[in-house]
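All values reported here derive from a predicted model rather than from experimental measurement. Numbers restart at 1 for each chain; the letters A, B, ... are given by sequence-line order, proteins then strands.
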Amino acid sequence: MTTALKALVVKDLKLFFGDRRAVIMSFIAPIAIASFFGYIFGGNGGKTETSKIAILMVDQDHSKISNDIFAQLNKDKNLDTKAAGLEESRAAVKKGSAIVAIVIPPDFGKNAGNAFFSSANKPEVGVFYDPSHGAEQGMVQGILTGTIMQSVSKEMFSGQTGQVFIDDALKQVDTNSGLEAGDKSSLRTMLQGVQQWNQRTGTPNSGTGIAGNGGLTVPYQIKEEAVTARAGVQYNGFGHSFGGMGVQFILFMAIDAGIGVLLQRQRGLWKRFRAAPLSRTMLLGSRAISTTIISMIILLTMFAFARVVFGVRIEGSMAGFLSVCLAFSLMTATFGLLIAALGTTPEATRGLAIFVTLIMVMLGGAWVPSFIFPQWLRKVTVAVPTRWAIDGLDAMVWRGQGFNDAVAPVLVLLFSALVFGVLAVTRFKWEAEG
Amino acid sequence: MLEVKSLRKSYGSKVAVDGVSFTVGKGETIGLLGPNGAGKTTTVSMIAGLTRQDSGDVLIDGRRLQGDTDPVKRKIGLVPQDLALYDELSAGDNLQFFAALYDISGSKAKQVIAEALTLVGLADRAKDKVGTFSGGMKRRVNLAAALLHDPDILLLDEPTVGVDPQSRNAIFENLETLKARGKTLVYTTHYMEEAERLCDRLVVIDHGKVIAGDTLRGLYRLLPVTNILEIELDDASGLDLALLRELPNVTSAEISGSVLKAGVRDLSTGAPGILQWLTAQGRTYQHVVSERPSLETVFLSLTGRSLRDV
Ligand SMILES: Nc1ncnc2c1ncn2[C@@H]1O[C@H](COP(=O)(O)OP(=O)(O)O)[C@@H](O)[C@H]1O
Ligand SMILES: [Mg+2]
């Protein structure tokens with residue numbers, strides 16, 4: 001009894017590891033593709049640089065303020081800013097080579113200064129943007145607001161143009177008949193205060209003589225920290241991609257295992273099995289065991305590679321990680337059996353099975369993480385077992401969750417395995433010639 | 001030993017086996033003879049317990065198979081029609097695996113594998129991959145794989161399909177050895193010569209039905225003619241064939257050129273009569289041959305169709 005079971009399992013393993021194509025497809029291909037996806041989706045934390053947003057600035061003003069805005073934008077670590085002409089910018093955004101273009105109109109400096117103390121005549125800053133990059137456009141506008149605020153206020157409080165504006169503003173206050181006497185005197189006091197401040201902080205003629213951070217600035221700084229496993233550990237794109245690609249290629253391997261059963265039937269080997277005093281459960285069960293073992297070997301090899309080469313650690317519970325791996329492997333093995341049960345000829349079955357698998361891994365979030373799916377899709381894909389496998393691996397690998405968070409994925413995967421297994425045993429065409 | 005009773009099996013509306021019955025005694029070799037699609041493989045599958053019959057019974061030593069794990073299955077060795085082997089594994093590894101299916105391992109396995117390979121003459125190729133073997137060699141490994149658990153009954157489903165005459169001869173010698181060892185053989189084929197050479201009894205199947213079941217001798221008796229006598233005459237002109245046909249046990253007479261062909265029902269009584277009659281007519285002859293009709297003729301006369309062109 002155990003002799004036969006062992007022989008059936010060992011035979012499957014021998015055939016798998018003796019098949020160069022199978023080994024390449026199950027080990028080399030997923031590692032290569034996971035490395036690629038991991039690299040482009042964020043790599044390992046801060047070590048690789050995130051790409052900058054390409055923006056263009058059209059300066060039609062050429063004032064001190066507009067020059068300063070350009071300098072500020074140029075310094076921003078998130079932006080790659082270049083000066084350009086108006087039509088050139090429009091064309092570049094249309095073509096997609098720049099994501100946002102900012103147009104500083106003529107007399108912007110003067111008008112902005114005016115508008116700074118009185119709300120009248122606000123100058124317009126033109127923004128061309130690529131509608132397919134809504135998020136980046138929002139980000140650039142945020143940065144732009146801060147930059148303009150800083151540049152204009154700096155000039156108002158310290159620059160040459162500021163002196164002129166304050167003198168003008170003081171005159172306006174005196175001649176404005178709409179203002180009440182009390183208000184007039186308060187405003188005058190404030191403007192005179194600024195005037196005195198400017199004179200006192202030294203050479204008003206050179207903006208550079210003043211400490212670089214003159215002017216109003218956004219009153220906060222953002223300290224970014226991606227929240228992952230533990231403080232100081234950064235999101236590791238490889239953590240996700242190795243899990244995702246492992247899941248995908250292990251499912252492919254399971255398809256081959258299922259088709260292997262169909263091939264055995266076609267080649268008459270199945271007749272020998274059936275002629276021997278062996279139960280049906282053993283015949284299918286042995287295949288489930290060997291597929292589970294191969295799947296575990298693939299997953300552990302992949303994460304060992306990711307650990308050594310990309311520094312991916314199991315930040316969460318190791319027991320949880322192994323449990324998710326095992327539950328997924330069992331689910332995969334019974335999925336393979338289901339293919340063997342429902343399949344007809346090996347050729348016809350392979351294409352359909354690969355299609356179903358690709359849909360499953362796509363909805364499971366193997367290609368792009370499920371957290372960027374729209375809300376409705378995230379809800380729907382809960383019915384897809386691969387989603388639980390990938391989320392479970394994510395939770396244990398880079399989210400650093402404890403064993404408790406492995407329980408739900410493990411249970412869902414085991415339940416799927418049970419359903420697939422029962423379907424496979426009951427629907428298997430025992431008498432078909434293949 | 002093996003009793004097959006009114007087996008019936010249909011696939012959809014197609015009746016593959018339609019009430020097949022026969023019995024095989026211990027040490028006996030029975031041939032299931034019939035053209036492709038006659039239902040031979042389906043019959044063998046039902047005997048081995050691979051396919052469940054719609055009705056009828058298979059008794060092995062008086063017992064019916066009870067489920068997949070019935071130890072009675074160990075009494076049967078199946079040689080499938082297909083080359084049921086792993087090309088990727090060596091002959092030895094293939095056999096080791098098939099032995100394990102019958103719970104044979106370790107030194108016992110080594111021993112039975114060596115014996116089986118020796119029997120089929122491939123002991124020196126145990127370490128070579130089956131994929132590198134010729135068709136005939138694969139057929140022999142296919143046979144060896146069914147012998148490991150030392151079954152009493154061997155079910156051989158067209159074990160010589162697609163092999164060269166030399167390999168076929170080798171397989172026949174193997175089977176004769178097994179027969180000499182007292183194994184019961186059920187041999188399916190659509191080759192007449194094979195059935196004639198090996199089998200004690202024949203069951204002729206066509207369209208899922210048994211159309212004749214008897215010893216070779218018995219089958220020949222079904223024929224209107226048991227022998228054709230060919231006599232080369234010095235002068236065949238003017239012979240009265242009608243008179244010849246009236247002789248006892250002579251069924252037919254015709255002349256082609258100078259050769260007289262006469263069909264006789266029984267050689268020992270028919271032949272002397274013909275020769276005496278010729279002498280009485282003053283005819284001389286230089287050469288006499290007697291030829292038996294082949295099983296091919298038996299099949300033809302039973303079904304009205306030739307075996308080969310089906
Ligand atoms: N699994 C099956 N499904 C459908 N028809 C089958 C199946 N097996 C055999 N048949 C049909 O049953 C008939 C007998 O087949 P088979 O027993 O293989 O004949 P033989 O072995 O004498 O060539 C054939 O017509 C064949 O097409
Ligand atoms: Mg057949």
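- By the 4.0 Å N-to-carboxylate-O rule, Arg350(A) lies close enough to Asp256(A) to be salt-bridged with it.
- Counting heavy-atom pairs under 4.5 Å between each of Ile76(B), Leu85(B), Leu89(B), Leu83(B) and chain A puts Leu85(B) at the top.
- Aromatic pair Phe249(A)/Phe252(A): ring centres closer than 6.0 Å.
- The aromatic rings of Phe242(A) and Phe305(A) lie parallel to each other, with less than 30° between the two planes, well short of the 60° mark.
- Both the backbone and the side chain of Asp87(B) come within contact range of chain A, judged by heavy atoms closer than 4.5 Å.
- Between Asp152(B) and Lys26(B), no side-chain nitrogen of the basic residue sits less than 4.0 Å from a carboxylate oxygen of the acidic one, so the salt-bridge criterion is not met.
- Contacts between Leu8(A) and chain B at a heavy-atom distance below 4.5 Å involve backbone atoms as well as side-chain atoms.
- Most heavy-atom pairs under 4.5 Å with chain B, from the set Ala7(A), Gly268(A), Ala275(A): that is Ala275(A).
- Using bins of under 30°, 30° to 60° and over 60° for the plane-to-plane angle, the ring pair Tyr86(B)/Phe98(B) lands in the parallel bin.
- Between Asp157(B) and Lys40(B) there is no salt bridge, since no side-chain nitrogen of the basic residue lies less than 4.0 Å from a carboxylate oxygen of the acidic one.
- With a 4.5 angstrom heavy-atom cutoff, Leu101(B) touches chain A via backbone and side-chain atoms both.
- Between Lys11(A) and Asp93(B) no salt bridge is recorded (no basic side-chain N to carboxylate O distance below 4.0 Å).
- Counting heavy-atom pairs closer than 4.5 Å to chain A, the top-ranked of the candidates Pro80(B), Gly77(B), Ala48(B), Pro71(B) is Pro80(B).
- Proximity to chain A is absent for every atom of Leu65(B), based on heavy atoms less than 4.5 angstrom apart.
- Neither the backbone nor the side chain of Ala99(B) comes within contact range of chain A, judged by heavy atoms closer than 4.5 Å.
- Options Gln81(B), Glu88(B), Arg74(B) differ in how many heavy-atom pairs under 4.5 Å they form with chain A, and the most are formed by Glu88(B).
- The candidate from Val79(B), Val72(B), Leu78(B) with the greatest count of non-hydrogen atom pairs under 4.5 Å with chain A is Leu78(B).
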